[in-house]
Amino acid sequence: MLEKYSENRIVSCYESDANQCLKPTAILDWMQEIAGRDAARLGFGYDDLMQNHTAWVLSRTHICFHQYPKWRDTVKLQTWHKGAFKVLYLRDFLLTDVTDQPLVSATTSWLIMDMNTRRLVRKSELTDNPSTCISEDAIRTPADKIILPTGLAPIWAGKHKVVWSDIDTMAHVNNVKYVSWALDTIDCSILKERSIKEILVNYDSEVLLNEVVDLYQIWQTDEYGMTCYIQGKVNDKDKFSLKISL
(Lines give C-alpha, C1' and ligand atoms only; values in the text may rest on other atoms or scores of the structure.)
Protein backbone atom coordinates (compact mmCIF):
# COMPACT_ATOMS: atom_id res chain seq x y z
CA MET A 1 0.00 0.00 0.00
CA LEU A 2 1.35 3.41 -0.98
CA GLU A 3 2.22 5.62 1.99
CA LYS A 4 2.21 9.38 2.21
CA TYR A 5 5.58 11.06 2.00
CA SER A 6 6.54 12.81 5.25
CA GLU A 7 9.39 14.80 6.75
CA ASN A 8 9.99 16.19 10.23
CA ARG A 9 10.98 19.83 10.60
CA ILE A 10 12.05 22.18 13.36
CA VAL A 11 10.73 25.74 12.99
CA SER A 12 13.77 28.01 12.57
CA CYS A 13 14.10 31.61 13.70
CA TYR A 14 14.30 32.86 10.10
CA GLU A 15 11.05 31.02 9.34
CA SER A 16 9.24 32.75 12.23
CA ASP A 17 7.55 36.14 12.43
CA ALA A 18 7.54 38.80 15.16
CA ASN A 19 4.96 36.73 17.06
CA GLN A 20 7.38 33.76 16.96
CA CYS A 21 4.92 31.88 14.72
CA LEU A 22 5.80 30.00 11.54
CA LYS A 23 5.43 32.37 8.58
CA PRO A 24 2.87 31.38 5.93
CA THR A 25 5.57 31.77 3.29
CA ALA A 26 7.82 29.32 5.17
CA ILE A 27 5.25 26.54 5.07
CA LEU A 28 4.72 27.25 1.36
CA ASP A 29 8.48 26.91 0.82
CA TRP A 30 8.39 23.58 2.64
CA MET A 31 5.43 22.43 0.55
CA GLN A 32 7.04 23.05 -2.82
CA GLU A 33 10.23 21.28 -1.78
CA ILE A 34 8.53 18.21 -0.31
CA ALA A 35 6.22 18.01 -3.33
CA GLY A 36 9.25 17.72 -5.57
CA ARG A 37 10.79 14.98 -3.47
CA ASP A 38 7.60 12.93 -3.40
CA ALA A 39 7.08 13.37 -7.14
CA ALA A 40 10.63 12.07 -7.71
CA ARG A 41 9.90 9.10 -5.45
CA LEU A 42 6.82 8.29 -7.53
CA GLY A 43 8.62 8.58 -10.86
CA PHE A 44 7.38 11.94 -12.13
CA GLY A 45 9.76 14.42 -10.52
CA TYR A 46 11.68 17.25 -12.17
CA ASP A 47 14.28 15.03 -13.84
CA ASP A 48 11.66 12.58 -15.09
CA LEU A 49 9.49 15.25 -16.72
CA MET A 50 12.46 17.16 -18.16
CA GLN A 51 13.34 14.13 -20.28
CA ASN A 52 10.29 15.17 -22.33
CA HIS A 53 11.03 18.90 -21.90
CA THR A 54 8.07 19.26 -19.52
CA ALA A 55 7.72 20.48 -15.94
CA TRP A 56 5.21 20.92 -13.16
CA VAL A 57 3.65 24.39 -12.86
CA LEU A 58 1.56 25.37 -9.84
CA SER A 59 -1.89 26.67 -10.78
CA ARG A 60 -3.77 27.13 -7.48
CA THR A 61 -3.17 26.82 -3.74
CA HIS A 62 -5.60 26.75 -0.83
CA ILE A 63 -4.05 26.64 2.62
CA CYS A 64 -5.85 26.67 5.99
CA PHE A 65 -4.13 27.53 9.27
CA HIS A 66 -5.72 25.78 12.25
CA GLN A 67 -2.95 26.54 14.73
CA TYR A 68 0.44 28.11 14.16
CA PRO A 69 3.55 26.22 15.25
CA LYS A 70 6.06 28.32 17.14
CA TRP A 71 9.76 28.93 16.78
CA ARG A 72 11.72 25.76 17.76
CA ASP A 73 8.65 23.49 17.58
CA THR A 74 9.07 20.08 15.95
CA VAL A 75 6.45 19.38 13.30
CA LYS A 76 5.70 16.75 10.65
CA LEU A 77 4.77 17.64 7.08
CA GLN A 78 3.02 15.06 4.90
CA THR A 79 2.13 15.19 1.22
CA TRP A 80 0.44 12.92 -1.29
CA HIS A 81 -0.50 12.90 -4.97
CA LYS A 82 -4.28 12.64 -5.55
CA GLY A 83 -4.26 12.22 -9.32
CA ALA A 84 -5.96 14.03 -12.18
CA PHE A 85 -8.88 16.42 -11.87
CA LYS A 86 -9.96 17.72 -15.29
CA VAL A 87 -6.75 19.23 -16.76
CA LEU A 88 -5.20 19.60 -13.29
CA TYR A 89 -3.31 17.29 -10.97
CA LEU A 90 -4.05 17.54 -7.25
CA ARG A 91 -1.61 17.29 -4.36
CA ASP A 92 -2.51 17.72 -0.68
CA PHE A 93 -0.48 18.52 2.43
CA LEU A 94 -0.93 18.18 6.18
CA LEU A 95 1.26 19.72 8.87
CA THR A 96 0.90 18.23 12.36
CA ASP A 97 2.56 18.58 15.75
CA VAL A 98 4.35 15.80 17.67
CA THR A 99 0.98 14.46 18.89
CA ASP A 100 -0.40 14.36 15.32
CA GLN A 101 -2.76 17.27 15.91
CA PRO A 102 -3.44 19.13 12.63
CA LEU A 103 -1.80 22.56 12.37
CA VAL A 104 -2.05 23.40 8.68
CA SER A 105 -3.89 21.71 5.80
CA ALA A 106 -3.56 22.52 2.12
CA THR A 107 -4.54 21.45 -1.35
CA THR A 108 -2.75 22.43 -4.55
CA SER A 109 -3.58 22.14 -8.24
CA TRP A 110 -0.83 21.62 -10.83
CA LEU A 111 -0.41 21.72 -14.59
CA ILE A 112 2.27 20.21 -16.81
CA MET A 113 3.94 22.65 -19.20
CA ASP A 114 6.06 22.07 -22.26
CA MET A 115 9.14 24.15 -21.47
CA ASN A 116 9.98 24.76 -25.13
CA THR A 117 6.58 26.00 -26.27
CA ARG A 118 5.29 27.20 -22.83
CA ARG A 119 2.05 25.38 -23.66
CA LEU A 120 0.15 23.00 -21.41
CA VAL A 121 0.44 19.23 -21.78
CA ARG A 122 -3.02 17.72 -21.38
CA LYS A 123 -1.97 14.17 -20.53
CA SER A 124 1.12 12.45 -19.20
CA GLU A 125 1.73 8.71 -18.95
CA LEU A 126 4.05 9.33 -16.01
CA THR A 127 1.43 11.03 -13.85
CA ASP A 128 -1.74 9.14 -14.78
CA ASN A 129 -0.89 5.93 -12.92
CA PRO A 130 -3.59 5.16 -10.30
CA SER A 131 -1.08 3.25 -8.16
CA THR A 132 0.66 6.55 -7.32
CA CYS A 133 -2.53 8.19 -6.01
CA ILE A 134 -3.93 8.46 -2.50
CA SER A 135 -7.58 9.54 -2.37
CA GLU A 136 -7.57 11.09 1.12
CA ASP A 137 -8.34 14.82 1.34
CA ALA A 138 -6.56 17.39 3.48
CA ILE A 139 -9.11 19.86 2.12
CA ARG A 140 -12.14 18.26 0.51
CA THR A 141 -12.56 20.40 -2.59
CA PRO A 142 -9.88 21.58 -5.02
CA ALA A 143 -8.72 25.18 -4.71
CA ASP A 144 -11.35 27.53 -6.12
CA LYS A 145 -11.12 30.21 -8.76
CA ILE A 146 -10.99 33.58 -7.01
CA ILE A 147 -13.98 35.80 -7.79
CA LEU A 148 -13.44 39.43 -6.85
CA PRO A 149 -16.31 41.09 -4.98
CA THR A 150 -18.49 43.32 -7.12
CA GLY A 151 -19.15 46.98 -6.40
CA LEU A 152 -15.76 47.59 -4.78
CA ALA A 153 -13.00 49.32 -6.72
CA PRO A 154 -9.48 47.89 -6.33
CA ILE A 155 -7.02 50.25 -4.63
CA TRP A 156 -3.44 50.44 -5.88
CA ALA A 157 -1.22 49.11 -3.08
CA GLY A 158 2.26 49.40 -4.57
CA LYS A 159 4.51 47.82 -7.17
CA HIS A 160 7.40 45.41 -7.31
CA LYS A 161 10.10 45.13 -9.96
CA VAL A 162 11.11 41.50 -10.37
CA VAL A 163 14.73 40.98 -9.35
CA TRP A 164 17.11 38.03 -9.50
CA SER A 165 16.21 36.77 -6.01
CA ASP A 166 12.57 36.36 -7.11
CA ILE A 167 13.44 33.88 -9.89
CA ASP A 168 13.44 30.12 -9.42
CA THR A 169 14.81 27.10 -11.30
CA MET A 170 12.09 27.44 -13.96
CA ALA A 171 13.39 30.96 -14.86
CA HIS A 172 10.22 32.69 -13.68
CA VAL A 173 9.03 34.14 -10.37
CA ASN A 174 8.75 31.48 -7.69
CA ASN A 175 5.19 30.87 -6.50
CA VAL A 176 5.92 31.79 -2.88
CA LYS A 177 7.12 35.26 -3.90
CA TYR A 178 3.59 36.24 -4.95
CA VAL A 179 2.34 35.49 -1.45
CA SER A 180 5.23 37.42 0.08
CA TRP A 181 4.51 40.49 -2.08
CA ALA A 182 0.80 40.29 -1.25
CA LEU A 183 1.37 40.04 2.50
CA ASP A 184 3.74 43.00 2.35
CA THR A 185 0.89 45.19 1.07
CA ILE A 186 -1.09 44.57 4.29
CA ASP A 187 -0.47 46.97 7.18
CA CYS A 188 1.85 45.26 9.66
CA SER A 189 -0.35 46.32 12.59
CA ILE A 190 -3.12 44.09 11.16
CA LEU A 191 -0.78 41.13 10.72
CA LYS A 192 0.57 41.53 14.27
CA GLU A 193 -2.92 41.55 15.82
CA ARG A 194 -4.70 39.05 13.56
CA SER A 195 -3.66 35.57 12.50
CA ILE A 196 -4.14 34.56 8.89
CA LYS A 197 -6.82 31.86 8.70
CA GLU A 198 -6.74 30.98 5.02
CA ILE A 199 -4.88 31.87 1.84
CA LEU A 200 -6.19 31.08 -1.63
CA VAL A 201 -3.88 31.76 -4.58
CA ASN A 202 -4.58 31.65 -8.33
CA TYR A 203 -1.52 31.74 -10.60
CA ASP A 204 -2.74 33.02 -13.97
CA SER A 205 0.47 33.36 -15.96
CA GLU A 206 4.18 33.51 -15.30
CA VAL A 207 6.03 36.67 -14.30
CA LEU A 208 9.58 37.17 -15.55
CA LEU A 209 12.76 38.95 -14.57
CA ASN A 210 12.64 42.79 -14.75
CA GLU A 211 8.87 42.94 -15.18
CA VAL A 212 7.08 45.47 -12.96
CA VAL A 213 4.09 44.11 -11.04
CA ASP A 214 1.35 46.49 -9.87
CA LEU A 215 -0.51 45.30 -6.78
CA TYR A 216 -4.14 46.11 -5.99
CA GLN A 217 -6.25 45.46 -2.88
CA ILE A 218 -9.95 45.03 -2.13
CA TRP A 219 -10.99 44.73 1.53
CA GLN A 220 -14.15 43.20 2.98
CA THR A 221 -15.11 43.10 6.67
CA ASP A 222 -17.98 41.21 8.29
CA GLU A 223 -18.83 39.48 11.56
CA TYR A 224 -16.51 36.60 10.67
CA GLY A 225 -13.40 38.71 10.19
CA MET A 226 -11.50 40.51 7.43
CA THR A 227 -10.79 39.42 3.88
CA CYS A 228 -8.21 41.00 1.59
CA TYR A 229 -8.24 40.34 -2.15
CA ILE A 230 -4.95 41.13 -3.86
CA GLN A 231 -4.30 41.23 -7.59
CA GLY A 232 -0.98 41.36 -9.39
CA LYS A 233 -0.85 42.86 -12.88
CA VAL A 234 1.88 43.48 -15.44
CA ASN A 235 1.05 46.12 -18.05
CA ASP A 236 -2.57 45.87 -16.89
CA LYS A 237 -2.70 42.11 -17.57
CA ASP A 238 -3.75 39.80 -14.71
CA LYS A 239 -0.88 37.63 -13.48
CA PHE A 240 -2.07 36.32 -10.10
CA SER A 241 -4.65 36.87 -7.39
CA LEU A 242 -4.98 36.03 -3.71
CA LYS A 243 -7.76 35.86 -1.16
CA ILE A 244 -6.44 36.21 2.39
CA SER A 245 -8.78 35.66 5.34
CA LEU A 246 -7.84 37.10 8.74
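Scope of the values below: all heavy atoms of this structure, side chains included, with no hydrogens, waters or symmetry mates. Sequential numbering from 1 along the given sequence is applied to the chain's residues.
Both Ile34 and Ile134 belong to a common hydrophobic cluster when Ile, Leu, Val, Met, Phe, Trp and Tyr are linked at side-chain heavy-atom distances under 4.5 angstrom. By the rule that hydrophobic residues join a cluster once side-chain heavy atoms approach within less than 4.5 Å of another member, Tyr203 and Met113 end up as members of separate clusters. A continuous path of Ile, Leu, Val, Met, Phe, Trp and Tyr side chains, each step under 4.5 Å between heavy atoms, connects Ile167 with Val207, placing both in one hydrophobic cluster. A continuous path of hydrophobic side-chain contacts links Leu120 to Val87 [ILVMFWY only; heavy atoms under 4.5 Å]. Residues Ile139 and Leu28 do not share a hydrophobic cluster, defined by chaining ILVMFWY side chains whose heavy atoms lie under 4.5 Å apart.
Note that CZ of Arg60 and OG1 of Thr108 are 12.5 Å apart. Values are rounded to the nearest 0.5 Å. Between the OG atom of Ser105 and the CG atom of Leu95 there is a distance of 9.5 Å, given to the nearest 0.5 Å. Separating the CG atom in Leu103 from the NZ atom in Lys70 is a distance of 12.0 Å, to the nearest 0.5 Å. If you take CD1 on Ile199 and CG on Leu246, they are separated by 8.5 Å, rounding to the nearest 0.5 Å. Atom CD1 of residue Ile244 and atom CD of residue Gln217 lie 8.5 Å apart, to the nearest 0.5 angstrom. A distance of 9.0 Å separates OG1 in Thr54 from CE in Met115, rounded to the nearest 0.5 Å.
Between the side chain of Asp29 and the backbone N or O of Gln32, no donor-acceptor pair lies under 3.5 Å. Put simply, the side chain of Trp30 never gets that close to the backbone of Leu77: no donor and acceptor are under 3.5 Å apart. Remark: side-chain polar atoms of Thr96 are not paired, donor with acceptor, to backbone N or O of Gln101 under 3.5 angstrom. Under the 3.5 Å distance criterion, the side-chain polar atoms of Asn174 are left unmatched by any main-chain donor or acceptor of Asp168. Side-chain N or O atoms of Asp187 include one that pairs as donor or acceptor with a backbone N or O of Ser189 at under 3.5 Å. Looking only at distances, no side-chain donor or acceptor of Glu211 sits under 3.5 Å from a matching main-chain atom of Val234.
The two atoms that bring Pro154 and Ile218 nearest to each other are CA-CG1, 3.6 Å, heavy atoms only. Contact between Arg91 and Trp110 at its shortest, heavy atoms only, is CB-NE1, 3.9 Å. When all heavy atoms of Leu88 and Ser109 are compared, the closest pair comes out as CD1-CB, 3.9 Å. What you find for Asp92 and Ala138 is that their closest heavy atoms are OD2-N, 2.8 Å. Considering all non-hydrogen atoms of both residues, Val179 and Val201 come closest at CG2-CG2, 4.0 Å. Closest heavy-atom contact between Tyr5 and Arg37: OH-CD, 3.7 Å.
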Taking it one step at a time, do Gln78 and Trp80 satisfy side chain to side chain donor-acceptor pair (under 3.5 Å)? CA-CA 7 Å; Gln78 297 175 288; Trp80 58 99; over 6 Å; no
Criterion side-chain contact (heavy atoms from CB on, under 4.5 Å) on Tyr68 and Asn19, from CA distance to verdict: CA-CA 10 Å; Tyr68 279 86; Asn19 294 323; over 6 Å; no
Full working for side-chain contact (heavy atoms from CB on, under 4.5 Å) between Phe65 and Ile27: CA-CA 10 Å; Phe65 300 90; Ile27 178 65; 4.0 Å; yes
Start with the C-alpha gap between Asp166 and His160, add the side-chain angles, then the distance that decides, and say whether side chain to side chain donor-acceptor pair (under 3.5 Å) holds. CA-CA 10 Å; Asp166 295 320; His160 179 88; 2.8 Å; yes
side-chain contact (heavy atoms from CB on, under 4.5 Å) between Asn52 and Val121, intermediate numbers included: CA-CA 11 Å; Asn52 295 318; Val121 176; over 6 Å; no
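Using a 4.0 Å cut-off between a side-chain N of Lys or Arg and a carboxylate O of Asp or Glu, Lys243 and Asp144 do not qualify as a salt bridge. Note on Asp100 versus Lys76: salt bridge recorded, some NZ/NE/NH1/NH2 to OD/OE distance being below 4.0 Å. Between Asp137 and Lys82 there is a salt bridge, with a side-chain nitrogen of the basic residue lying less than 4.0 Å from a carboxylate oxygen of the acidic one.
For residues 224-246, the ring-ring contact (aromatic ring centres under 6.0 Å, His included) pairs, not counting sequence neighbours, are Tyr178-Phe240.
With sequence neighbours excluded, the residues forming a salt bridge (charged side-chain N to carboxylate O under 4.0 Å, His left out) with Lys233 are Asp238, listed by chain and number.
In this pair, His81 and Phe44 present their aromatic rings tilted. The plane angle is within the 30 to 60° band.
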